[in-house]
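Working notes for the structure below.
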Amino acid sequence: EAGVAQSPRYKIIEKRQSVAFWCNPISGHATLYWYQQILGQGPKLLIQFQNNGVVDDSQLPKDRFSAERLKGVDSTLKIQPAKLEDSAVYLCASSATNYGYTFGSGTRLTVV
Amino acid sequence: AQSVTQLDSHVSVSEGTPVLLRCNYSSSYSPSLFWYVQHPNKGLQLLLKYTSAATLVKGINGFEAEFKKSETSFHLTKPSAHMSDAAEYFCVVSESTPTSGTYKYIFGTGTRLKVLA
């Protein structure tokens, strides 16, 4: 089966600009997650979707970050405006009903 | 809320010697636990998982971990380190969300393993 697809692979932007990341989960996986991994740290959950509804967004900085999952399939994560501390790898993952994540390769964001 | 604590941020071993990466968990019930590895500029790869079956779990590349409820630990071991084992290792606990019937992974802070020739 195809894996979790993410794009772009890399992105460099200036601070205060906006950026968007895209994720296409494994077909049939109802749950989708976005994680932020800052260099030298473990991934931190930003938002979790079940189909097209939000299950957990408690750690999403809602003043600048937004995410949506239209039709319960693809998802986009947006940052506007970006700050230097947003430099990180943004990981998307999906899962079915039993235990087991499948991670995408991630998008590496550099804010200069 | 559940959590994991990785007790060492860096571990150095010589090639051919044993590896021990320590992880303690906090959970109000029997958790599901995982170890992931991340090589430089690579994605996360599942090494092994514990889901309330056998307490000694065997994973890929010769790694194994033992679930010890009395010690709330899930340490990762390998009898003989190889140069290719140099990477970042993450201990992970799965936390369920009963209202939605879903779960989420909570990652530890990571242990960087260095293998010396």
Side-chain angles (χ1 to χ4, degrees), chain A residues 2-7 9-10 23 25-26 28-60 67 69 72 88-110, chain B residues 1-10 21 23-25 27 29-53 57 59 87-114:
Chain A
V4 175
Q6 289 189 247
S7 68
R9 190 75 175 89
Y10 304 93
C23 174
I26 290 177
H29 279 193
T31 311
L32 184 146
Y33 313 80
W34 283 102
Y35 281 80
Q36 179 193 56
Q37 185 177 18
I38 293 173
L39 185 66
Q41 299 181 19
K44 181 184 79 172
L45 179 67
L46 291 176
I47 189 167
Q48 176 184 355
F49 291 96
Q50 174 76 354
N51 297 310
N52 60 351
V54 175
V55 173
D56 183 351
D57 63 356
S58 57
Q59 296 197 79
L60 186 73
R69 190 184 184 195
V89 175
Y90 291 85
L91 294 164
C92 180
S94 68
S95 70
T97 54
N98 57 332
Y99 286 112
Y101 271 30
T102 300
F103 282 96
S105 298
T107 295
R108 182 178 298 275
L109 173 67
T110 302
Chain B
Q2 302 189 77
S3 64
V4 288
T5 301
Q6 293 186 242
L7 301 172
D8 306 293
S9 59
H10 294 82
L21 305 183
C23 173
N24 286 352
Y25 69 89
S27 174
Y29 52 89
S30 185
S32 291
L33 295 159
F34 309 80
W35 276 98
Y36 276 82
V37 61
Q38 188 174 40
H39 288 91
N41 299 312
K42 299 291 186 182
L44 289 160
Q45 181 183 18
L46 178 66
L47 275 179
L48 50 81
K49 61 181 178 181
Y50 167 78
T51 54
S52 73
V57 182
E88 188 87 17
Y89 291 79
F90 294 100
C91 183
V92 179
V93 64
S94 179
E95 179 177 284
S96 64
T97 307
T99 53
S100 66
T102 65
Y103 57 92
K104 62 186 178 185
Y105 284 6
I106 299 169
F107 283 76
T109 51
T111 297
R112 182 167 296 276
L113 176 65
K114 186 175 183 179

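Just the heavy atoms: all of them, side chains too, but no hydrogens, waters or symmetry mates, feed the values below. Naming convention: chains lettered A, B, ... in sequence-line order (proteins, then strands); numbering from 1 in each chain.
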Quiz item: If you look at every heavy atom in Asn41(B) and Arg108(A), which pair is closest and at what distance?
Solution: OD1-NH2, 3.2 Å
Practice problem: Search all heavy atoms of Phe90(B) against all heavy atoms of Gly42(A) and return the closest pair with its distance. | Solution: CE2-CA, 3.3 Å
Quiz item: Between Tyr105(B) and Tyr35(A), is the ring centre distance below 6.0 Å?
Solution: no
Quiz item: Using the benzene-type ring in the case of Trp, are the ring centres of Tyr101(A) and Phe34(B) under 6.0 Å apart?
Solution: no
Quiz item: Between the side chain of Gln48(A) and the main-chain N/O of Tyr103(B), is any donor-acceptor distance below 3.5 Å?
Solution: yes
Exercise. Answer yes or no: is there a side-chain heavy-atom contact under 4.5 Å between Gln38(B) and Phe103(A)?
Key: no
Exercise. Would you mind checking which part of Gln41(A) comes under 4.5 Å of any heavy atom in chain B, side chain (CB onward), backbone (N, CA, C, O), both or neither?
Key: backbone
